[in-house]
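These notes concern the structure reproduced below.
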Amino acid sequence: MLSAGLRVNMGLYLLLVLSLCSCYKAIGEETTNVKPIQQRDDREFDCVDIYKQPAFDHPLLKNHKIQMSPSFSGNVLNNYYDTKIGKFSKIGLQDEDCPPGMVPIMKIKSRHLRNEYSHSRYNSKNFTNDNPSQQFATYHTTTNDRIFRGARAFISVENPSVELGQYSMAQIWVQKGQYNGLESIQAGWAVDPALYGDSHTRLTTYWTVDNFGNTGCFNSVCPGFVQVHPRLHPGLAFSNTSVFGGQQFITDISIAQDGLSGHWWLKVDHQNIGYWPKHIFTLLTNDARYFEFGGEVYRNVNKPCPPMGNGRFPSRELKETSFFTEMQYVTPVYSIRDIDPLPMAKYISYKGYDLKIWKNQGGDYHNFITYGGPGGKCGK
Ligand SMILES: *[C@@H]1O[C@H](CO)[C@@H](O)[C@H](O)[C@H]1NC(C)=O
Ligand SMILES: *[C@@H]1O[C@H](CO)[C@@H](O)[C@H](O)[C@H]1NC(C)=O
């Protein structure tokens, strides 16, 4: 409880701040010294007024009220601990925070190249893949009648060798719907020269509401994802990637629905990056019905399938393989559980990749999957 005096003082203070604000705004409008965007050539991102970020060009996000942090930080996804399996690979190490009221938005290097990704046809109902350009090695829930509110994993951070016209990623999918009504949120790492103009391993997100038909995009390339963190944002490169037989690096990624707002929050290493508002979905508005962990690769028609994970077939030796561990999900009542008791299965779309499941391992970790492979002359 605040004392009466303090409350009066705070009232005065608020009044003062409010009047200052309106003065400031009036001055700002005349002299335009308040810029909605702060650009610098030496950075890969621009700092943008949080209320003028690309997300709000989405027609369903007019008058959107920004949620600055999730309501669940105290009770869900909070079992954060260091792990003996690997060191955390950091993002945004060299960068400063954007000024107050601004958020970082990655500059778009090659917008025209986005079109080639709009043909994904991953059929999440029967886990078939009718697009020979994309291949998968995933571990997925097997029913779509169970309610989930999110998924989380430690993902090993790798740097597979990928050319222009290919990408290779490892991620978490949280989904609902089927066929052309598939709604999907994805987050993990990707090496994607077309998207990023380099071969770094970068934090990469994706969403669609019509099975990658007319909607959907990476990071903040199209309106939808609301960035709130002043420094950490999709598109940032990871500081370190795993060394075969040596130091392993991991990242802790979760996609979880907020019980109050219904928005889907992205957390990386326990930091709130931003969220996909419930308003951009029709099905994920309420809940999710399945999730997946694993690798996805892409190649255009002239290329072979690229390496997935660290480019090797999976093994039990975590120093020599790509992996997901501490895989968890969020229940209908927003508590977090290990995935081990859930009915789950693996899906491998091409023999150039594989995935192995290790449950109830005890020791330093509960569960893990190892996955990956060299790729090769895939598809039709
Ligand atoms: C999976 O679903 C698609 C779309 O309905 C269908 O074309 C395909 O034949 C199905 N595959 C299997 C193996 O059932
Ligand atoms: C991680 O990478 C940075 C440079 O990006 C390097 O200075 C640091 O030594 C690396 N950490 C480890 C544990 O290898």
Side-chain angles (χ1 to χ4, degrees), residues 40-47 79-98 103-107 109 152-164 167-172 187-205 218-220 227 229-254 266-274 295 306-312 314-326 363-365 368-372:
R40 252 172 46 191
D41 288 345
D42 62 335
R43 290 194 308 213
E44 296 179 327
F45 59 91
D46 295 322
C47 291
N79 54 342
Y80 181 73
Y81 48 89
D82 216 335
T83 166
K84 296 199 176 89
I85 297 167
K87 295 194 158 126
F88 285 98
S89 185
K90 300 284 197 298
I91 51 171
L93 265 186
Q94 269 88 43
D95 299 317
E96 302 156 19
D97 283 7
C98 280
V103 290
I105 302 291
M106 186 92 177
K107 293 173 187 165
K109 294 220 170 97
R152 175 273 182 106
F154 289 159
I155 308 176
S156 72
V157 181
E158 314 288 345
N159 187 240
S161 163
V162 173
E163 296 170 18
L164 198 61
Y167 69 63
S168 183
M169 53 208 294
Q171 60 177 6
I172 300 171
W189 60 253
V191 180
D192 187 338
L195 181 61
Y196 296 120
D198 63 27
S199 299
H200 293 310
T201 305
R202 292 173 179 273
L203 176 68
T204 302
T205 65
F218 290 92
N219 300 342
S220 306
Q227 173 74 34
H229 197 285
R231 181 170 49 91
L232 307 181
H233 60 96
L236 280 175
F238 284 95
S239 61
N240 304 74
T241 57
S242 298
V243 178
F244 179 77
Q247 180 65 55
Q248 302 301 296
F249 287 93
I250 56 173
T251 184
D252 179 1
I253 297 209
S254 67
L266 170 67
K267 282 190 163 219
V268 177
D269 297 343
H270 221 226
Q271 303 282 323
N272 304 315
I273 309 296
M308 179 189 288
N310 69 355
R312 294 166 191 264
S315 74
R316 171 71 175 75
E317 181 48 62
L318 292 184
K319 277 193 177 334
E320 299 181 353
T321 197
S322 332
F323 60 86
F324 286 60
T325 186
E326 302 295 354
D364 295 330
Y365 30 76
F368 53 88
I369 54 172
T370 62
Y371 74 98

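Note that these values count all heavy atoms, side chains included, but never hydrogens, waters or copies made by symmetry. Keep in mind the model is a prediction, meaning the values are calculated, not measured. In each ligand, atom 1 is the first atom listed, and ligand 1 is the first ligand listed.
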Can you tell me how far CZ of Arg43 sits from CD of Gln94, rounded to the nearest 0.5 angstrom? 13.5 Å
Ligand 2: which residues have a non-hydrogen atom closer than 4.0 Å? Ser239, Asn240, Phe249
Does the pair Phe154 and Phe88 meet the rule for a ring pair (Phe, Tyr, Trp, His ring centres under 6.0 Å), with working shown? CA-CA 9 Å; Phe154 289 159; Phe88 285 98; 5.6 Å; yes
Donor-acceptor contacts, no H, no angles, side chain residues 244-251, under 3.5 Å, sequence neighbours left out:
unit_1: Gln248; atom_1: NE2; unit_2: Val243; atom_2: O; d: 2.8
unit_1: Gln248; atom_1: NE2; unit_2: Gly246; atom_2: O; d: 3.1
unit_1: Gln248; atom_1: NE2; unit_2: Lys319; atom_2: O; d: 3.0

Set of ring pair (Phe, Tyr, Trp, His ring centres under 6.0 Å) partners for Tyr371, sequence neighbours left out: Phe324
Does the side chain of Thr204 pick up a donor-acceptor pair with the side chain of Tyr196 at under 3.5 Å? yes
Once side-chain hydrogen bond (donor to acceptor under 3.5 Å, both in side chains) is applied, do any residues pair with Gln227, and if so which ones, sequence neighbours excluded? none
